[in-house]
Student: 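The structure that follows is given in the form of structure tokens.
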2 protein chains.
Amino acid sequence: MATRTDAPTRREQILKEAARLFAERGFHGVGVDEIGAAVGISGPGLYRHFAGKDAMLAELLVGISDQLLTGAKRRLAEAGPAPGAVLDSLIEGHIDFALDDRPLITLHDRELDRLRDADRKLVRQLQRQYVELWVAVVREVYPALTEPAARSAVHSVFGLLNSTPHLGRRGSLPGRGATAELLHRMARGAFAAAGG
Amino acid sequence: MATRTDAPTRREQILKEAARLFAERGFHGVGVDEIGAAVGISGPGLYRHFAGKDAMLAELLVGISDQLLTGAKRRLAEAGPAPGAVLDSLIEGHIDFALDDRPLITLHDRELDRLRDADRKLVRQLQRQYVELWVAVVREVYPALTEPAARSAVHSVFGLLNSTPHLGRRGSLPGRGATAELLHRMARGAFAAAGG
DNA sequence: CAGCGAGGTTAGCGGTCGTTAACCTGAGGG
DNA sequence: CCCTCAGGTTAACGACCGCTAACCTCGCTG
């Protein structure tokens with residue numbers, strides 16, 4: 001785990017704030033002036049760092065998709081041969097992401113259609129690979145599942161895990177660890193019910 | 001079941017198309033001219049039927065929330081005393097809604113923040129009542145669940161059931177009945193894993 | 001210390017969008 | 001047979017928004 005200790009660059013600040021604002025009010029609902037104000041500069045100063053508003057969204061969505069897929073591939077390689085353990089590792093990774101990067105998880109399935117064709121195709125390809133990776137693992141654990149059923153089940157579990165933004169704005173949920181564990185149990189339970 | 005046989009009114013046509021467009025491209029991403037064109041009139045003609053674009057969204061969101069809550073109350077009253085049967089009925093109702101009104105389910109948890117304060121408060125209150133109704137039923141079936149845990153579980157299952165828009169744009173999913181049954185089993189499995 | 005590039009600033013252009021104004025039309029009723 | 005009014009039309013206004021232009025100001029560096 002390579003933890004970042006150096007200060008975030010301006011680009012990273014902008015991306016983080018843009019993600020938060022896009023998730024809160026939607027891509028078209030946020031003006032460039034607001035994004036600038038959120039990082040202490042104003043309006044057109046953003047164009048020293050990004051080609052345009054679209055470019056920020058594109059970089060966010062490609063980054064998310066790539067990070068999810070890369071993490072899943074790594075977990076697939078690192079985990080032992082037991083399919084159940086691999087599935088647990090995938091679930092754990094997705095939960096970490098959903099809990100730590102709520103705005104990004106929100107954008108991920110909400111603002112995809114605002115991208116240019118090229119970027120959208122790339123993101124969709126990464127997403128598809130991620131899904132297919134899950135589908136293969138799930139079918140190893142539950143061989144009774146047909147491929148379409150497994151794919152539906154995977155999408156549904158993503159919906160379950162990505163519901164974290166709807167869980168209490170701040171607090172009221174019983175701590176990060178307990179929430180992660182609850183989500184994990186529910187995901188396994190949902191898969192088991194689908195494929196048992 | 002009072003099935004509609006008469007033709008839809010102009011207002012209803014507009015609402016239906018507006019819901020579809022809002023779900024596809026987001027509230028701010030759709031112009032009034034597009035909504036008008038979708039029902040064969042153009043642009044400002046909409047203002048003979050609605051006070052403004054906001055009013056359309058408000059009517060849609062209030063309608064959804066009200067319909068969900070009303071349906072749930074009815075099922076609660078009609079079902080027998082067995083808590084498990086009540087929960088099954090709630091799940092069935094939510095799945096019917098998610099499968100038959102995909103655009104509305106999408107709007108329901110995506111465009112809430114674009115409402116005026118008064119409308120947003122109303123919608124949130126209806127949503128909260130709906131959630132609390134589920135929480136009570138779930139805790140009857142699984143008494144081991146604390147209230148916060150039950151609430152988290154309910155939100156997560158909503159995420160699972162509301163994932164239907166992500167299941168194959170058209171086709172590729174194994175028929176409506178099979179999909180409904182799969183979702184139902186997964187929802188029950190998720191609750192069981194949370195509260196067993 | 002001159003020069004320069006990175007990273008800001010403000011002013012303003014061009015296009016889009018929600019909304020209003022003014023006008024038209026055809027069906028129904030006294 | 002006119003009057004009304006529901007339900008359209010097009011033109012246009014005002015606000016906003018993404019983006020560019022032009023300019024400024026440091027901190028380096030040769």
Side-chain angles (χ1 to χ4, degrees), chain A residues 6-62 103 107 110-120, chain B residues 6-62 103 107 110-120:
Chain A
D6 48 338
T9 71
R10 192 41 33 121
R11 273 182 68 90
E12 290 169 332
Q13 283 182 49
I14 295 171
L15 284 176
K16 182 183 165 190
E17 294 302 312
R20 183 179 56 80
L21 289 167
F22 289 161
E24 280 175 9
R25 297 212 285 284
F27 180 67
H28 292 296
V30 181
V32 290
D33 290 353
E34 294 178 80
I35 303 174
V39 296
I41 71 181
S42 224
L46 296 170
Y47 288 77
R48 298 286 165 193
H49 304 275
F50 294 92
K53 201 180 154 195
D54 299 355
M56 300 181 207
L57 182 64
E59 188 156 330
L60 284 171
L61 292 185
V62 172
L107 290 184
R110 188 169 297 196
E111 306 286 356
L112 181 60
D113 300 321
R114 281 65 165 173
L115 260 49
R116 302 163 189 232
D117 278 23
D119 293 321
R120 191 171 58 245
Chain B
D6 48 338
T9 71
R10 207 4 75 100
R11 272 182 69 89
E12 289 169 332
Q13 283 181 49
I14 295 170
L15 284 175
K16 182 182 164 191
E17 295 302 313
R20 184 178 56 81
L21 289 167
F22 289 161
E24 280 175 10
R25 299 212 284 285
F27 179 67
H28 292 296
V30 181
V32 290
D33 290 354
E34 294 178 79
I35 303 174
V39 296
I41 72 182
S42 223
L46 296 170
Y47 287 77
R48 299 284 165 195
H49 303 275
F50 294 93
K53 201 181 153 193
D54 299 354
M56 300 180 208
L57 182 64
E59 189 156 329
L60 283 171
L61 291 185
V62 172
L107 290 184
R110 189 169 296 197
E111 305 286 356
L112 181 59
D113 301 320
R114 281 67 165 171
L115 260 50
R116 303 161 189 233
D117 279 23
D119 293 321
R120 190 171 58 244

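Proteins get letters first, then strands, A, B, ... in listed order; numbering begins at 1 in each.
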Student: Mind calculating the distance between CZ (B:F50) and C1' (C:dT20) to the nearest angstrom?
Tutor: 19 Å
Student: Summarise how protein sits on nucleotides 3-14 of chain D as a single string, 5' to 3': B when a protein heavy atom is under 4.0 Å from the base, S for sugar-phosphate-only contact, - for no contact.
Tutor: ----BBBBB---
Student: How close do A:E111 and A:L61 get, counting heavy atoms only, and between which atoms?
Tutor: O-CD1, 3.9 Å
Student: Mind calculating the distance between OH (A:Y47) and C1' (C:dA6) to the nearest angstrom?
Tutor: 19 Å
Student: Within this structure, what is the CG-to-P distance between B:L21 and C:dC17, rounded to whole angstrom?
Tutor: 13 Å
Student: Using a 4.5 Å cut-off on heavy atoms from C-beta on, say whether the side chain of B:E24 contacts that of B:R20.
Tutor: yes
Student: What's the separation between atom CG in A:D119 and atom CD in A:E59, rounded to the nearest 0.5 Å?
Tutor: 10.0 Å
Student: Name the nucleic acid region contacted by A:V39, choosing base, sugar-phosphate or nothing; use a 4.0 angstrom heavy-atom cut-off, strictly under.
Tutor: nothing
Student: Taking C-beta and beyond as the side chain, do B:R11 and B:I14 meet within less than 4.5 Å on heavy atoms?
Tutor: no
Student: Return the value, rounded to whole Å, for the distance between atom CZ of A:F27 and atom P of D:dG18.
Tutor: 8 Å
Student: Which heavy atom of A:P103 sits nearest a heavy atom of A:A19, and at what distance?
Tutor: CB-O, 3.8 Å
Student: Find the distance A:F22:CZ to D:dC17:C1' and express it as a whole number of Å.
Tutor: 13 Å
Student: Can you tell if the side chain of A:L21 reaches within under 4.5 Å of the side chain of A:I35, non-hydrogen atoms only?
Tutor: yes
Student: So, for A:D33 and A:P44, which heavy atoms are closest and what is the spacing to 0.1 Å?
Tutor: OD1-CD, 4.5 Å
Student: Give the residues of residues 51-62 of chain A touching DNA chain D, defined as any heavy atom closer than 4.0 Å, sorted by residue number.
Tutor: A:G52, A:K53
Student: Please set out all donor-acceptor pairs under 3.5 angstrom arising from side-chain atoms of residues 46-57 of chain B, sequence neighbours excluded.
Tutor:
from	atom 1	to	atom 2	distance (Å)
B:K53	NZ	B:F27	O	2.9
B:K53	NZ	B:V30	O	2.9

Student: Could you state the NE2-P distance from A:H28 to D:dC19, rounded to the nearest angstrom?
Tutor: 12 Å
